[in-house]
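Step one of this worksheet: look at the structure below.
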Amino acid sequence: MLLIKDGRVLDPASGTDAPRDVLVDGERIAAVARPGELTVRANGAEIFNAASLVVAPGFIDLHCHLREPGGESSETIETGARAAARGGFTAVCPMPNTRPVNDNASVTRAILERAAEVSGVRIWPIGAASAGSKGESLAEIAAMKQAGIVAVSDDGRPIATAKLLRQVMDYCRALDLPVVDHCEDSSLFTGAVMREGTQSVRLGLRGMPAAAESVAVARDVQIAELTGCHLHIAHLSARASLELVRAAKARGLAVSCEVTPHHLMLTDEDVQYDSRYKMNPPLASREDRDALIAGLADGAVDAIATDHAPHEPALKDVEFDRAPFGVIGFETALAAGLELVHAGRLSLLRMVELFTAGPARVLGIKRRLAEGEPADLTVFSTDRDWTFRAAESASKSRNSPFDGRNFRGAPMATIVAGRFAYRR
Ligand SMILES: [Zn+2]
Ligand SMILES: [Zn+2]
């Protein structure tokens with residue numbers, strides 16, 4: 001048994017924000033009670049002192065890239081899972097753009113078998129929508145669902161045609177799987193490396209307009225309405241896209257979205273000739289960023305997701321134009337969320353929801369800190385000062401725009417099925 005003592009329990013599902021002790025027995029939460037009430041029952045239990053710390057349901061990351069199989073020089077399931085645990089995540093959803101692509105049950109099973117051997121956190125794979133994510137024919141979605149995928153996506157590229165998207169969505173509706181789309185109209189994107197605007201002109205870099213994303217979101221919402229399938233928009237970055245999601249929700253459609261910490265913390269004004277600021281979708285305007293933050297607070301946004309995208313230094317340390325898109329993000333995600341809390345732009349309970357009950361709802365599951373639930377817990381400090389050093393990351397890659405940034409607040413323990421996956 002494990003007694004997590006004297007913490008401030010935040011459980012968005014029930015609205016709880018109160019001092020509570022949490023007793024863990026085996027893989028489950030055995031009891032949640034006022035401080036001291038469990039002392040007799042917890043006799044002999046290991047004690048974790050959570051005084052002045054927040055005890056939350058386990059964080060879920062809906063969007064990451066673990067690169068295994070095929071990209072092990074940038075990340076493996078083992079190193080990615082360790083970085084995730086250090087970031088407070090108890091479950092992460094790796095995208096299927098591995099080599100080979102996770103578009104059939106044998107790849108899904110291989111990922112899950114590897115995860116069972118080396119990962120301290122839960123790995124919930126996302127399967128490809130189309131074979132090879134090539135946008136031509138359907139992937140083996142039903143077989144992958146049986147093997148354990150939680151959603152489908154061709155992330156890295158959009159689902160190319162409305163016709164294919166319709167087929168995928170008809171199929172996924174029947175299987176009760178969300179379709180996660182990387183929304184991008186490629187005809188507006190060609191050759192772009194950042195957001196189109198004053199800064200792209202100043203730097204002389206090819207830009208893509210915000211409409212490259214929102215045009216695709218508009219199409220997707222209409223196909224979601226046509227099919228009745230749950231559409232989830234990956235890494236939404238533009239105000240116009242968010243307005244489409246907001247309108248779809250108001251009409252009662254099953255449409256949800258996530259935003260990344262880097263789109264919340266940075267804008268295109270931060271972009272320099274430094275590939276750590278190159279990601280897709282690119283960093284957006286200040287107006288977009290403010291709209292995303294408002295969307296976190298008012299419920300238009302469902303989740304904060306990292307889009308953790310490791311690239312080994314040899315790939316990323318090249319000219320801006322030639323570098324691959326993407327940044328690592330597990331270890332700085334919570335601290336980025338807390339920056340918004342400290343700035344008064346987001347309540348702490350809502351921030352926790354965006355990492356827990358919010359992403360859980362997208363996956364059609366519940367995430368509660370309550371008796372009988374799996375003992376997946378994230379314990380964090382809201383005020384611990386620290387500096388993120390990419391060189392010290394558990395990830396194999398170093399491509400973070402937050403290298404050297406000072407943060408306030410950090411994960412202190414990550415507990416998965418009653419076991420410490422990380423302890424600071
Ligand atoms: Zn993407
Ligand atoms: Zn991605």
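Each ligand, and each atom within it, is numbered from 1 in the order the structure gives. Values below: all heavy atoms of this structure, side chains included; hydrogens, waters and symmetry mates excluded.
- Taken to the nearest 0.5 Å, the CZ atom of R350 stands 7.0 Å off from the CG atom of L296.
- Here D155 meets the criterion, with an N, O or S atom under 2.8 Å of the Zn ion (ligand 1).
- Atom OD1 is the N/O/S atom of D307 found closest to the Zn ion (ligand 2).
- Geometrically, R405 does not engage F402 in a cation-pi contact, judged by NZ or CZ lying under 6.0 Å from the ring centre and within 45° of the ring axis.
- Rounded to the nearest 0.5 Å, atoms CZ (R195) and CG (N280) are 11.0 Å apart.
- At the Zn ion (ligand 2), the vertex angle linking NE2 of H63 with NE2 of H65 is 110° (nearest 10 degrees).
- Between the side chain of T267 and the main chain of R286, no donor-acceptor pair closer than 3.5 Å is present.
- Rounded to 10°, the angle that NE2 of H235 and ND1 of H182 form at the Zn ion (ligand 1) is 100°.
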